[in-house]
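What follows is a set of notes on a single structure, which appears directly below.
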There are 2 protein chains.
Amino acid sequence: MTELRADARRNHERVLDAATEVFAASGPDASIDEIARLAGVGHGTVFRRFPTKDDLMYAVIERHVAQICSLAEEALASDDPAEAFFGFARAAAELGMTTPGLHKCIVHCGEKPRGAELEELGTKIVSRAQRAGGLRRDVEPSDVAPLIRAALIAAPPGQWRRYLDVVLDGLRS
Amino acid sequence: MTELRADARRNHERVLDAATEVFAASGPDASIDEIARLAGVGHGTVFRRFPTKDDLMYAVIERHVAQICSLAEEALASDDPAEAFFGFARAAAELGMTTPGLHKCIVHCGEKPRGAELEELGTKIVSRAQRAGGLRRDVEPSDVAPLIRAALIAAPPGQWRRYLDVVLDGLRS
DNA sequence: CCTCAAACGGACTACCGAGTCCGCTTACAG
DNA sequence: CTGTAAGCGGACTCGGTAGTCCGTTTGAGG
């Protein structure tokens, strides 16, 4: 069996869900206590599974990234590289903005988690679009995500689509 | 005269300078103690002049904004509205990036300080450029600064000029 | 000089959040 | 059913910061 008692596995799940919700709402400043309360466990339980707050944050992001990866794969399947890129950017933004605080968490974490898989897929999408001439060449693939994320964070509540448009237009050749 | 003893005035000055330096380096999370230490005063002295940390931060930003205002006035003097805008944006960014943490402070403070004067000048510059057709019309004047600031914050140390270029290109009609 | 209010500065309080510890509870194997 | 190790959770420690208070120092007017 999974080497984990049933209640332990259940709590692990609950904590991850609660953490996602709380980090999404409050960004990296969310407190472990609040997460534990929402999960309905003592905060000692949280720390047993995730020795530090950052570990927990990584885990949340990791799970979130998995969803984005599948979008990225779809995009790579398309045969219009430029449209694939812009479509993917919008879709990913759409998904990400359901959990705005996570952007700040990703920024906070810096390099650490950022699933290598997504990193790679993203690079492919960007450089493919650049080769096809739909995307300016003087940006590194690794610049694109931070730029977009920054605009999304800065945008006032209802306005992020407009902000995104500006940045995406700026990225066109 | 200023109704303020000589040493008081001198310390006020020192605190403001130290605060500028520390906030510029560490953003809004800088601690009052560090500022007081750098200023060479006890932290009680800091609190006497600036009852809360935010008050101090506002004061620092206020002073910083004054410098930007003079750039804005120059820009309004130019008779090429579009170039005035883009030139001003670059100049202000250049100035602002000598004190990167202040961007985060401005974001942190939200509406509160934001000198009304600069607000007004900025609006004029933007809408003048829009009327002249050099700037896309689907952005509000109040969107421009946050967008640019976001890009500057997100940029890795040496790279902010490239990030700025992307955003500015996105703002062109 | 001398006085004294203004100004100083550091000890102190209050609070908050991360991370530890340990006595109690409970899943589950035998 | 029972023994026991895995798991639980809250009390506790520790560190760090905003803001207060008050005994001491000092600038400046008379």
Side-chain angles (χ1 to χ4, degrees), chain A residues 1-61 101 104-105 107-110 112-113, chain B residues 1-61 101 104-105 107-110 112-113:
Chain A
M1 86 169 263
T2 329
E3 292 297 321
L4 216 51
R5 247 167 58 174
D7 53 346
R9 204 164 47 246
R10 196 189 59 225
N11 281 340
H12 187 274
E13 208 42 39
R14 279 189 188 171
V15 166
L16 222 48
D17 287 346
T20 302
E21 183 166 331
V22 175
F23 280 133
S26 316
D29 290 344
S31 83
I32 296 281
D33 279 43
E34 193 184 342
I35 292 169
R37 222 175 306 126
L38 180 62
V41 303
H43 84 202
T45 300
V46 176
F47 281 111
R48 195 169 324 103
R49 301 292 166 207
F50 305 95
T52 72
K53 182 178 168 178
D54 280 356
D55 290 331
L56 175 56
M57 215 156 81
Y58 296 164
V60 167
I61 291 172
K104 288 183 193 157
C105 292
V107 171
H108 168 93
C109 291
K112 323 291 184 55
Chain B
M1 91 166 254
T2 328
E3 290 298 321
L4 217 52
R5 245 167 59 173
D7 53 345
R9 206 165 45 244
R10 196 189 59 225
N11 281 340
H12 188 274
E13 208 44 37
R14 279 188 189 172
V15 167
L16 222 48
D17 288 345
T20 302
E21 184 166 332
V22 174
F23 280 133
S26 316
D29 290 345
S31 84
I32 296 280
D33 279 43
E34 193 184 342
I35 292 169
R37 221 176 307 126
L38 180 63
V41 304
H43 84 201
T45 300
V46 175
F47 280 110
R48 196 169 324 102
R49 302 291 166 208
F50 307 95
T52 73
K53 182 178 168 178
D54 280 356
D55 289 332
L56 176 55
M57 214 154 83
Y58 296 163
V60 167
I61 291 171
K104 288 183 193 157
C105 292
V107 171
H108 168 93
C109 290
K112 324 292 184 52

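Letters go in sequence order (proteins before strands), and every chain restarts at 1.
- No engagement by Arg10(B) is indicated, since no non-hydrogen atom pair under 4.0 Å with the nucleic acid exists.
- With hydrogens and angles ignored, a donor-acceptor pair under 3.5 angstrom links the side chain of Arg48(A) to the base of dG9(D).
- Applying the 3.5 Å distance criterion, the base of dG19(D) shares a donor-acceptor pair with the side chain of His43(B).
- In this structure, the side chains of Phe23(A) and Ile61(A) stay at 4.5 Å or more apart for every pair of heavy atoms.
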Run Thr52(B) and Asp55(B) through side chain to side chain donor-acceptor pair (under 3.5 Å) and show every step you take.
CA-CA 5 Å; Thr52(B) 73; Asp55(B) 289 332; 3.3 Å; yes

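- Distance, Asp29(A) CG to dA18(C) C1': 13 Å, rounded to whole Å.
- Side-chain atoms of Leu4(B) lie closest to dA7(C) of the nucleotides dA18(D), dG7(D), dA7(C).
- Remark: the backbone N or O of Pro28(A) is paired with a side-chain donor or acceptor of Lys53(A) at under 3.5 angstrom.
- Straight-line distance from the CZ atom of Phe47(B) to the P atom of dT13(C): 17 Å, rounded to whole Å.
- Protein atom CZ of Arg37(B) is 13 Å distant from nucleotide atom C1' of dG10(C), rounded to whole Å.
- Looking at heavy-atom distances under 4.0 Å, Ala30(A) makes contact with sugar-phosphate atoms alone, never a base.
- Between Asp33(B) atom CG and dA18(D) atom P there is a gap of 7 Å when expressed in whole angstrom units.
- At a threshold of 4.5 Å between non-hydrogen side-chain atoms, the residues Asp33(B) and Arg37(B) count as touching.
- Straight-line distance from the CD1 atom of Ile35(A) to the P atom of dG17(C): 12 Å, rounded to whole Å.
- The CZ atom of Arg5(B) sits 17 Å away from the P atom of dT3(C) (whole-angstrom rounding).
- Between Val41(A) and Pro51(B), the one whose closest nucleotide on DNA chain D sits nearer the 5' end is Val41(A).
- Remark: P of dA28(D) and CG of Asp7(B) are 7 Å apart, rounded to the nearest angstrom.
- Between Arg9(B) atom CZ and dA28(D) atom P the separation is 8 Å, expressed in whole Å.
- Taking every side-chain heavy atom of Ser31(B) into account, dT17(D) is the closest of dT17(D), dG7(D), dG9(D).
- No side-chain heavy atom of Cys109(B) sits less than 4.5 Å from a side-chain heavy atom of Asp54(B).
- A sub-4.0 Å separation between OP1 or OP2 of dA7(C) and a side-chain N or O of Asn11(B) is absent.
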